Structure formats: C-alpha cells, structure tokens
Amino acid sequence: MSQKPSVPQGTRDFSPVEMARRRYIFSTLEAVFKQYGFKQLETPSLENLSTLTGKYGDEGDKLLFKVLNSGDYLQKAPDELVQAKDSKELIKHIADRGLRYDLTVPFARYVVMHQHEISFPFKRYQIQPVWRADRPQKGRYREFYQCDADIVGSDSLLYEAELSCIYDEAFHRLGIPVSIRINNRKVLESIAIRCGFGETFRDFTVIIDKLDKIGEEKVAEELTALGGDAQAAVALLASKTFNREALDGLAKELNNEVGEKGIAELEELLSYLETQNLHNEIILDTTLARGLNYYTGTIYEVVAKSVKMGSIGGGGRYDDLTGIFGLKGVSGVGISFGADRIYDVLLEMNAFPELGANFTQLIFCPMDEASRLYSFKLASQCREAGIQTEVYPEPAKLKKQLGYADNNGIPVAVIVGENERESGALSVKFLQDGQQESLDILALINRLK
RNA sequence: GUGGUUGUAGCUCAGUUGGUUAGAGUGUCAGAUUGUGGCUUUGAAGGUCGGGGGUUCGAAUCCCCUCAAUCACCCCA
C-alpha cells in the first residue's frame with residue numbers, strides 16, 4: 001500500500017528556484033554582517049529543554065517542540081503521572097530536549113559556556129532554522145529561518161547605531177523600502193510610571209503594543225481597566241520621525257530618572273545616526289513594546305512599507321541575558337531578520353532579481369556511444385578550467401538533448417558526433433541566438449572562461 | 001489554543017436543483033522532423049474529486065468527523 005506523502009504542518013519543501021532566491025537573501029544579509037565584522041556561529045537544532053523553558057514566557061513554553069527521550073521512556077516515568085494523564089508534569093520526565101525556539105537564547109548559552117575563549121565585545125551572526133508549534137498562517141511557519149546579528153560584552157550605543165545601519169543597508173540592498181521603528185524600554189517604563197502603570201508594566205506594554213491594531217479608544221479602555229491614567233498615557237504615545245525635535249518634545253514630558261536615562265540613550269544613538277547617509281526612514285515609536293521581556297534598552301522593529309506583513313525584523317538591548325545561565329553583568333544587543341517573511345515580501349513585490357536555478361554553462365550532446373565517452377573526457381577538461389559542465393547521459397535525439405539544455409537554461413551546447421570526434425572541430429551552439437560555430441576544445445574553453 | 005472560509009489532473013481552474021464514462025488550459029511524455037531547442041501540429045499518459053464515515057436508487061455536489069491550506073484572534077519573525 002502506498003501512502004500519500006506530505007510534510008508536517010507549517011513546514012515546506014524548497015525547489016531549486018526557491019533555493020536560489022533564499023540563497024540570495026541569506027548571502028545578501030551575510031555580506032552586510034561581514035562588512036561590520038560579525039563572525040558566524042552555529043548551534044545545535046536540539047537544546048536541552050532546561051535551556052529553553054522559562055525563557056519565552058508561558059506562551060513560549062507552549063510553543064516549544066519537545067523531543068521524546070530515546071528508549072522506553074515511559075518505563076522511567078513516575079506511574080502516578082502516567083495514570084493521572086498529567087501531560088504538563090509528565091513531559092518533564094519523558095522529554096529532556098527540544099528544538100530551538102530562537103537564536104538568541106542558544107547564543108547566550110554559547111557565550112556562557114565559552115566565556116573564557118571569547119574576547120569581548122563578541123560580534124556574531126547566525127543563520128539557522130528555528131521551530132515553533134504555532135498555528136501556521138500567512139507569514140507564519142512552524143519551521144523558519146532567523147538571521148541574527150548580536151554583540152555581547154559591551155554596552156556602547158555605537159552598536160545600537162551599527163545595527164540600525166545594518167538594517168538600513170540590508171533592506172536597501174534587497175530593494176525593500178522599510179520603516180525602522182525604534183524605541184527605548186526605559187522611555188516606556190518612564191511613561192508607565194508617570195501614568196500610574198509602574199506596578200503593571202508588563203501588561204501595560206502588551207496593551208500599548210496593540211495601538212496601531214485596535215486603535216486609541218480601545219487601548220485607552222484597556223488601560224483604564226488596568227488602573228492608571230489612560231488619557232495621559234495615550235497622549236504620550238506617538239510615532240514620529242527620529243530627530244532632535246521629537247526627542248526634545250519627549251524629554252520635556254519625561255522628567256523622571258528612568259525617562260532621562262532613556263532619552264539620553266536615544267540622543268546618543270541619534271547623534272551616531274546623524275553622521276550616516278541612511279536610505280530608509282527611522283521612526284521613534286513610543287508605542288513599540290515588543291513581547292520578549294528581557295529587553296532593557298533600545299528596541300527595534302522593521303516593517304515593509306509596501307506590503308502588509310507582520311514585522312520582518314526585530315531586536316533590542318538586553319542588559320543581562322546571560323545572567324540566567326550564571327554569567328552576570330554582560331550586556332548584549334542584537335537584531336533578527338525574518339528570512340521567510342522577507343522572501344514572501346520580495347515575492348509579493350515582484351522584487352527578486354533574475355535568478356535562474358541553473359549554474360551550468362556548457363553541455364555536451366553526444367550522438368553515439370563513442371562520442372559519449374569522448375565527451376565525458378572533454379568535459380573534465382572544461383571542469384578543470386573552471387567551467388560548469390554537464391554531459392547528456394544518453395546518445396538521444398538531438399531534439400531531446402537540446403530541449404534539456406533549453407529547459408534548464410544552459411546557454412551553450414556542444415554537439416559531438418563522429419565528424420567532430422575525428423576532426424576535433426566541435427560544433428558549438430549558442431542557444432540564446434541560435435548561432436553555431438566550429439571550435440576545438442581549447443578555443444571553446446578560452447571562449448567560456 | 002479559539003473561530004470563519006476553502007480543498008477537483010504536476011500547476012491554474014470549470015463542473016447546472018444530487019443523475020450515465022468528471023472536463024478545459026498549461027505542463028509532462030511520444031510522434032510529425034534518422035545531427036539541431038524555443039514556434040506549430042497530432043496523440044498519449046496523468047484523478048481513491050484531500051481522507052474516513054453517513055443520507056440516498058444514485059454524491060465531486062447534502063450531513064458529520066478528520067487532515068491540510070488560508071484568514072481573524074492570541075502571540076510572534
């Protein structure tokens with residue numbers, strides 16, 4: 001019995017054409033990362049569950065893919081938990097590992113484990129898949145790639161500026177006009193304190209993050225329910241072009257200690273950015289909160305201007321991420337690119353450059369068995385010369401062989417039959433314009449090199 | 001995790017109030033053309049109508065369950 005094949009929900013195959021496009025995104029980002037001196041890192045797909053749980057909140061824990069232990073895992077599980085069907089407790093006994101949920105936490109783990117080999121500040125980039133057991137929908141997959149650039153071991157705001165520039169440069173190179181939204185967690189905290197949400201800061205951020213989605217009135221409603229001065233808070237929430245004027249306006253309102261610290265950070269970041277020639281708009285958005293609660297300073301989010309899609313990048317400063325793994329006082333700042341969403345945006349914008357899946361420059365088309373052997377030999381000569389070469393595997397009809405070349409976008413075909421073999425004068429056909437020439441192998445190689 | 005919409009050939013889609021053998025375009029393969037691709041033309045293959053169950057004399061069509069895609073929540077890249 002044959003079964004209908006399928007892939008798990010939220011996962012996808014990538015065809016050669018799709019891979020060419022994905023490679024284009026990855027290599028564009030990689031080139032920018034390298035330009036700023038980031039070094040590449042990879043970590044295992046599997047992490048110990050203890051590394052992952054509790055780092056992403058209750059929601060995050062639910063979305064973790066857990067991997068069953070090897071062997072007869074139920075044998076070692078406590079009977080009462082199996083009997084009680086208590087999945088939540090039982091899982092701790094039957095699954096020790098899980099698939100990574102993001103790249104930041106594994107990076108923090110890496111830094112702590114290798115702290116004595118690393119010279120700080122350490123700049124690393126990482127391009128790997130992550131997994132979330134989320135319900136798939138547009139722009140949301142269960143397996144997707146993140147492309148992260150982080151720096152640990154420095155609290156200099158120069159790095160915030162560099163990361164802003166990386167966002168700007170990368171999306172410029174990809175041809176996606178974006179808004180780079182920036183905020184500072186301390187500014188947010190200051191607003192919260194000022195308006196009486198100091199005690200309920202977490203909930204406060206969750207609500208205001210929805211501002212552009214549900215509107216001012218709804219947000220005011222929910223904030224009032226939370227118990228605080230909703231009107232005052234809403235008045236302070238705005239998104240403006242990131243410049244001196246906007247900052248000064250904000251500074252006048254936030255004259256408490258946290259606020260002044262946050263404003264000072266934004267000012268320093270701005271003074272770096274003022275020296276740059278940026279392609280995209282930078283927005284100071286005090287409604288930007290971001291879910292992950294470990295951010296402590298600058299936070300980023302990037303949105304494509306021409307396509308409706310969730311954020312295609314995000315990140316921020318976290319003063320003490322490695323603290324949970326026992327290394328205190330190491331500050332980090334990082335950003336992430338959502339490669340799969342960037343792919344969808346480029347596709348929707350029709351903004352991919354012409355990227356054939358074909359790399360073959362030359363194909364030999366043998367007319368008989370002896371020519372096939374002869375072609376195989378000549379092909380290795382071409383390959384040694386650095387020409388990407390194929391040999392058609394059968395001495396089939398020319399129509400078929402040229403059809404293969406045509407369908408695969410191979411630009412040059414060499415027809416080899418008895419005449420060519422004996423004279424060494426190869427019939428070289430250029431498929432784009434249909435021109436045909438007689439060349440010997442050396443002349444052919446020179447022409448294509 | 002909650003709710004809505006959709007599911008017919010590899011792909012894009014027709015398919016009448018439930019009625020004979022489920023169609024088209026495109027792609028694939030073969031021929032027209034024995035050593036010359038794209039264009040043309042002829043033909044062929046390709047379908048458990050997402051899967052399972054039910055109603056009916058009869059189901060692609062109606063009902064239930066399930067799987068998947070998609071959209072809105074939640075959350076996020």
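The chains referred to below are lettered A, B, ... by the order of the sequence lines, with proteins before strands, and numbering in each begins at 1. The structure displayed is predicted, hence computed values, not measured ones.
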In whole Å, measure the gap between the P atoms of B:U42 and B:A9 for me.
26 Å
Between A:Y404 and A:Y392, how do the two ring planes meet: parallel, tilted or perpendicular, split at 30° and 60°?
perpendicular
Do the rings of A:Y167 and A:Y300 sit parallel, tilted or perpendicular, given the 30° and 60° boundaries?
perpendicular
B:G50 and B:A44: how far apart are their P atoms, nearest whole angstrom?
26 Å
Any donor-acceptor pair under 3.5 Å joining the side chain of A:R341 to the base of B:C76?
yes
Using OP1 and OP2 only, check whether a side-chain N or O of A:Q401 sits under 4.0 Å from B:U36.
no
If the P atom of B:G7 is compared with that of B:G51, how far apart are they to the nearest Å?
13 Å
Given the P atoms of B:U17 and B:U61, what is the spacing between them in whole Å?
15 Å
May I ask which nucleotide in the shown strands pairs with B:A69, Watson-Crick or G-U wobble, both distances under 3.5 Å?
B:U5
With ring centroids as reference points, do A:Y374 and A:F364 lie under 6.0 angstrom apart?
no
Nearest-angstrom distance, C1' atom, B:A77 to B:A68:
23 Å
Taking atom P in both B:C73 and B:U8, compute the distance separating them and give it to the nearest angstrom.
27 Å
Distance below 4.0 Å between A:K397 side-chain N/O and B:G31 OP1 or OP2
yes
Centroid separation under 6.0 Å, is that true for the rings of A:Y343 and A:F352?
yes
Centroid-centroid under 6.0 Å between A:Y125 and A:F33 rings:
yes
Could you tell me whether A:E418 contacts a base, only the sugar-phosphate backbone, or nothing, with contacts defined as non-hydrogen atoms closer than 4.0 Å?
base
Sugar-phosphate, base or nothing in reach of A:Q137, heavy atoms under 4.0 Å
base
Counting only Watson-Crick or G-U wobble pairs whose two distances fall under 3.5 Å, which nucleotide matches B:A30?
B:U42
Which nucleotides of nucleotides 38-46 of chain B have their base under 4.0 Å from a protein heavy atom (B), which only their sugar-phosphate (S), and which neither (-), written as one string 5' to 3'?
B--------
OP1, OP2 of B:A30 versus side-chain N and O of A:K400: anything below 4.0 Å?
yes
Contact class for A:D134 vs. all strands (heavy atom < 4.0 Å): base, sugar-phosphate, or nothing?
base
Nearest whole Å is fine: how far is B:U36 P from A:N419 CG?
13 Å
ring centroid sep under 5.5 Å plus plane angle under 30, A:F337 with B:A77
no
N-O pairing of A:R181 and A:E301 below 4.0 Å:
yes
Which value, in whole Å, describes the distance between the C1' atoms of nucleotides B:C29 and B:U66?
37 Å
Taking atom types as they are modelled, is there a donor-acceptor pair under 3.5 Å from the base of B:C75 to the side chain of A:R132?
no
Using Watson-Crick geometry (N1-N3 plus N6-O4 or O6-N4) or G-U wobble (N1-O2, O6-N3), each under 3.5 Å, B:U12 is paired with B:A24
Please give the distance between the P atoms of B:U48 and B:C63 as a whole number of Å.
24 Å
